[in-house]
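Remember, predicted model here, so these are calculated numbers, not experimental data.
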Amino acid sequence: MPLRFHNTRTQKLELFTPKTEGEVRLYLCGLTTYDHAHAGHARTNTTFDVLVRHLRNRGLKVSYVRNVTDVDDKILKRATELGEEPLALSARMAELCDGELAAIGCAKPDHEPRVSTHIPEIVALIETLIEKGSAYVAETANGKDVYFHVRSFADYGKLSKRKIDDLQAGARVETGEIKKDPLDFALWKGSSEAWGWDSPWGKGRPGWHIECSAMAHKILGAHFDIHGGGMDLIFPHHENEIAQSEAAWGPEFANVWMHGGFLDVDGEKMSKSLGNFVTIAQVLDRNDAEGFRYFLLGAHYRGPLNFDVDFTRDETGEVRKGADGHAERTWFPGVDEGERRTDYLYTAIVSAEAFAEGASPAIGAKVSKAFPALAALAKSGAEDVAVALDDDLNTPKALAVVGEIAKGMNELITKAQKQFKKEPEGIAEAKALAAALSIALRGAVAPLGLLQASPEDYFARTKVRRLALRKLEAATIDGKIEARLAARAAKDFAQSDLIRDELAALSVELQDGPTGTTWRILV
RNA sequence: GGUGGGGUAGCCAAGCGGUUAGGCAUCGGUUUGCAAAACCGACAUACGUGGGUUCAAAUCCCAUCCUCACCUCCA
């Protein structure tokens, strides 16, 4: 199955062919680090994390770059408010965000270049652009700025399908007349403030877009395979990157442009300016990281994904306000569902491995005849997921296959016992098939970055978190279970059921089995 | 005004010319002291609206409505 990806540039699904056979060079626009990473960042980064895992799974060598924009006016503003050195703040936040992305299973990129350590490369690129007549220096009250002259680049607008004249009509009126054209954007901003670097144009800071061109060029070369980011970066950020890079080194800067859709809250884009953002840390306070990831992969990366937020309410149904006067938003129904599905997958693995009793994976003749669909799944399950991902990262389809494998394992366990009641060989084959399905599931899930823990660790960590969320103690629950066991032994089922209902009201679910009673806390 | 995303059964969400992906919820069944988990079945011949092309359209074409976003910083 050939790899096909949607290219924003051509607005088409295209066969993907790396520039160098067997190797993929990928650049993802990372974060501007002045605050926690939010759930929208989580979505984009998870998308590209799956892309990288899948490409590697397909045997391709991937060079994955995700930059850190640690020089920016927003950083300066926040640092000033906090009374912190700007670079100290951005370094601190970069580390924090890195940890938050790692926590949701986004593997560390091969390179995480920072603007602050690439000023010479940026200055060199700006000098090249000035030499080529694509950029010009302008005097301002704060020193000298350098602007990219948009009209010098014939292809300007080729990514975002915008025409300079259309943009001009809607462009805001700039204060002062330092730019030749209202759409020209800053490559270098002269500054008399403390924060800045020396340059041929005096002290100042790089403008927004230029760092990505300079750093991508340094690490991946002038032309590479895939450039990604959120849809909101198409214009102006990526359009400007193309202009700078291709003006300096010629086309194509990146062969394929991939953009992820937004994470919405109540149908509106999650963004800092709307104040409707939820940080990754807030999600992880309530939900398991893999459940969150399952939720994020539940919709195709290019479409919108609604992140439902339920408010915490008091007895009268009023939304509870936190100390800061803002509504408490602590309940994420979509993520809860993702976590329940994650429970289901881990539970299926535990059941299958217990049933298999260490049998070597195999697909026997008897079991193939009795359960042809399951035998087929064991053979092709992992590849079915990979094929879904080949097709422009169809993660919902991939999750459907994953679910079918897990369901298949449960089906096998419930049906094989009956089917092979008097056939020990059949049972033995069923055990081997359960082992094979379990391996298929592991393989299927690998490129998605799910089920990365052992079931024991997963259930242990979710139990701890769910107990804390419900303000419950394991010992209290165990005590009630013992009381219930005593009641059951005495055949006092009314009392036994009373205790069970009491626990159920606390979201504690009991499971009576042949070896005793176990419990778990529901999401 | 320009550009782009989305409108699929109660809900979420794939599919994008021809055997109703998948999940959640709900309701029945198997199992159970009763439950839960798990499995089986029903819900489901659904695709914003109006036209058209085709043997055949959720899928293509035309028109139109709703919605979100970008055109200033945003993943």
Side-chain angles (χ1 to χ4, degrees), chain A residues 8 11 13 28-32 37-48 66 72-74 101 157 159-163 165-172 174 183 185 208 228-237 239 259-264 266-274 277 294-295 298-300 302-306 308 333-334 336-338 340-341 343-344 347-348 351 384 388 391 394-404 406-415 418 488 491-494 496-497 500-501 503-504 508-513 517-520 522:
Chain A
T8 307
Q11 297 177 298
L13 220 50
L28 174 67
C29 279
L31 299 168
T32 299
H38 65 62
H41 300 130
R43 159 119 118 140
T44 302
N45 279 274
T46 300
T47 294
F48 286 92
R66 182 180 72 199
D72 179 273
D73 287 351
K74 289 192 290 294
L101 293 174
L159 181 71
S160 57
K161 316 295 176 243
R162 283 165 164 84
K163 294 189 181 74
D165 293 325
D166 291 343
L167 284 165
Q168 203 119 40
R172 300 199 173 184
E174 299 287 331
L183 292 167
F185 55 91
W208 184 27
M231 268 175 58
D232 45 1
L233 295 184
I234 295 173
F235 189 89
H237 187 54
E239 194 68 60
H259 292 98
F262 297 131
L263 190 65
D264 294 342
D266 295 326
E268 286 185 314
K269 178 187 171 187
M270 178 180 288
S271 72
K272 296 198 171 175
S273 51
L274 286 170
F277 67 93
Y294 188 104
F295 162 75
H300 184 83
R302 282 193 288 120
L305 172 59
N306 202 37
D308 292 318
D336 282 351
E337 193 183 321
R340 284 188 209 105
R341 289 295 292 165
D343 276 10
Y344 174 81
T347 303
S351 308
D384 290 348
D391 189 17
N394 194 334
T395 54
K397 195 172 179 182
L399 287 180
V401 175
V402 167
E404 275 171 22
K407 190 173 180 172
M409 302 195 305
N410 286 327
E411 187 187 337
L412 180 70
I413 295 163
T414 49
K415 291 182 178 171
K418 278 185 190 169
R488 290 181 79 206
K491 302 262 186 238
D492 182 355
F493 292 119
S496 153
D497 290 352
R500 189 183 54 210
D501 292 346
L503 287 170
V508 177
E509 182 183 270
L510 302 187
Q511 291 169 34
D512 295 327
T517 297
T518 57
W519 60 273
R520 62 174 190 149
L522 300 178

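- If you take atom P in B:U53 and the same atom in B:C61, they sit 15 Å apart, rounded to whole Å.
- Atom pair A:Arg488:CZ and B:A35:P shows a separation of 13 Å (rounding to whole Å applied).
- Distance, A:Asp391 CG to B:C16 P: 7 Å, rounded to whole Å.
- Atom-to-atom, CG of A:Leu412 to P of B:C40 comes out at 12 Å; the value is rounded to the nearest Å.
- Taking atom P on both nucleotides, B:C62 is separated from B:U20 by 30 Å, rounded to a whole Å.
- Remark: A:Gln11 CD to A:Lys161 NZ distance equals 4.5 Å, nearest 0.5 Å.
- Spacing of P atoms, B:A37 relative to B:C47, comes out at 33 Å, to the nearest Å.
- Taking atom P in both B:A25 and B:G51, one finds a spacing of 39 Å when rounded to whole Å.
- Contact annotation for A:Gly228: no contact, since no heavy-atom pair falls under 4.0 Å across all strands.
- Here the separation of B:A21 from B:A9, taken at their P atoms, is 15 Å to the nearest Å.
- Residues A:Asp512 and A:Arg488 are paired through a salt bridge, judged by an N-O separation under 4.0 Å between the basic side chain and the carboxylate.
- Under a 3.5 Å cut-off, the side chain of A:Glu509 and the backbone N or O of A:Arg520 do not form any donor-acceptor pair.
- Using the Watson-Crick or G-U wobble rule with both distances under 3.5 Å, B:G22 pairs with B:C12.
- Spacing between B:A14 and B:G52 at atom C1', rounded to whole Å, works out to 28 Å.
- If you take CG of A:Leu233 and P of B:G4, they are 18 Å apart, rounded to a whole angstrom.
- Residue-level contact check: A:Ser160 touches the backbone only, with heavy atoms under 4.0 Å from sugar-phosphate atoms and none from bases.
- Distance check: A:Phe262 CZ to A:Thr44 OG1 gives 8.5 Å after rounding to the nearest 0.5 Å.
- Each of A:Asn394 and A:Ala39 lies near RNA chain B, and the nucleotide nearest A:Asn394 is the one positioned closer to the 5' end.
- Judged by a 6.0 Å distance limit and a 45° cone about the ring axis, A:Arg66 is not positioned over the six-membered ring of A:Phe48.
- Of the residues listed (A:His41, A:His38, A:Lys269), the one engaging A:Phe277 in a side-chain contact (heavy atoms from CB on, under 4.5 Å) is A:His38, and it is the only one.
- The residue A:Thr8 sits apart from the nucleic acid: no heavy atom pair falls under 4.0 Å.
- The CG atom of A:Leu263 sits 8.0 Å away from the CG atom of A:Asn306 when rounded to the nearest 0.5 Å.
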With the criterion being N/O to N/O and under 3.5 Å, what pairs connect the protein with nucleotides 68-70 of chain B, and how long is each?
from: B:C70; atom 1: OP1; to: A:Lys269; atom 2: NZ; distance (Å): 3.3
from: B:C70; atom 1: O2'; to: A:Arg162; atom 2: NH2; distance (Å): 3.2
from: B:C70; atom 1: O2; to: A:Arg162; atom 2: NH2; distance (Å): 2.6

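- Nearest nucleotide to the side chain of A:Asp497, out of B:C40, B:C73, B:C34: B:C34.
- In terms of heavy atoms, A:Ala388 sits closest to A:Ala398 at CB-N, 3.9 Å.
- The nearest pair of heavy atoms linking A:Asp308 to A:Pro333 is O-CD, 3.4 Å.
- When the C1' atom of B:G1 is taken as reference, atom CG of A:Asp165 falls 14 Å away, rounded to whole Å.
- Across B:A36 and B:U26, the matching P atoms stand 11 Å from one another, rounded to whole Å.
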Quick tally for nucleotides 22-28 of chain B: nucleotides whose base has a protein heavy atom under 4.0 Å get B, sugar-phosphate-only ones S, the rest -, giving SSS----
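- Within the nucleic acid shown, A:Leu510 comes within 4.0 Å of at least one base atom, counting heavy atoms only.
- If you measure from atom CG of A:Asp512 to atom C1' of B:A35, you get 7 Å, rounded to the nearest angstrom.
- Separation of the P atoms belonging to B:G15 and B:U8 is 14 Å when rounded to the nearest angstrom.
- As judged by a 4.0 angstrom heavy-atom cut-off over every strand, A:His259 is placed among residues making no nucleic acid contact.
- Sequence order on RNA chain B of the closest nucleotides to A:His300 and A:Arg43 puts A:His300 first from the 5' end.
- The side chain of A:Met270 has B:A75 as its nearest neighbour among B:A75, B:G6, B:A13.
- The side chain of A:Gln11 places an N or O atom within less than 4.0 Å of a non-bridging phosphate oxygen (OP1 or OP2) of B:G4.
- Checking the phosphate oxygens (OP1, OP2) of B:C39, a side-chain nitrogen or oxygen of A:Asn410 falls inside 4.0 Å.
- If you take CG of A:Asp336 and C1' of B:C12, they are 14 Å apart, rounded to a whole angstrom.
- Remark: A:Arg500 engages A:Asp497 in a salt bridge, criterion side-chain N to carboxylate O under 4.0 Å.
- No donor-acceptor distance shorter than 3.5 angstrom exists from the side chain of A:Gln511 to the backbone of A:Thr518, with no hydrogens or angles considered.
- Distance A:Phe493 CZ to B:A36 P: 16 Å, rounded to the nearest Å.
- Here B:A38 is the nucleotide among B:G33, B:A38, B:A75 with the atom lying nearest to any side-chain atom of A:Thr414.
- Both distances falling under 3.5 Å, in either a Watson-Crick or a G-U wobble arrangement, place B:C27 opposite B:G41.
- A salt bridge links A:Lys74 with A:Asp72: at least one charged nitrogen is closer than 4.0 Å to a carboxylate oxygen.
- Backbone-only engagement by A:Glu509 is indicated by non-hydrogen atom pairs under 4.0 Å involving sugar-phosphate atoms exclusively.
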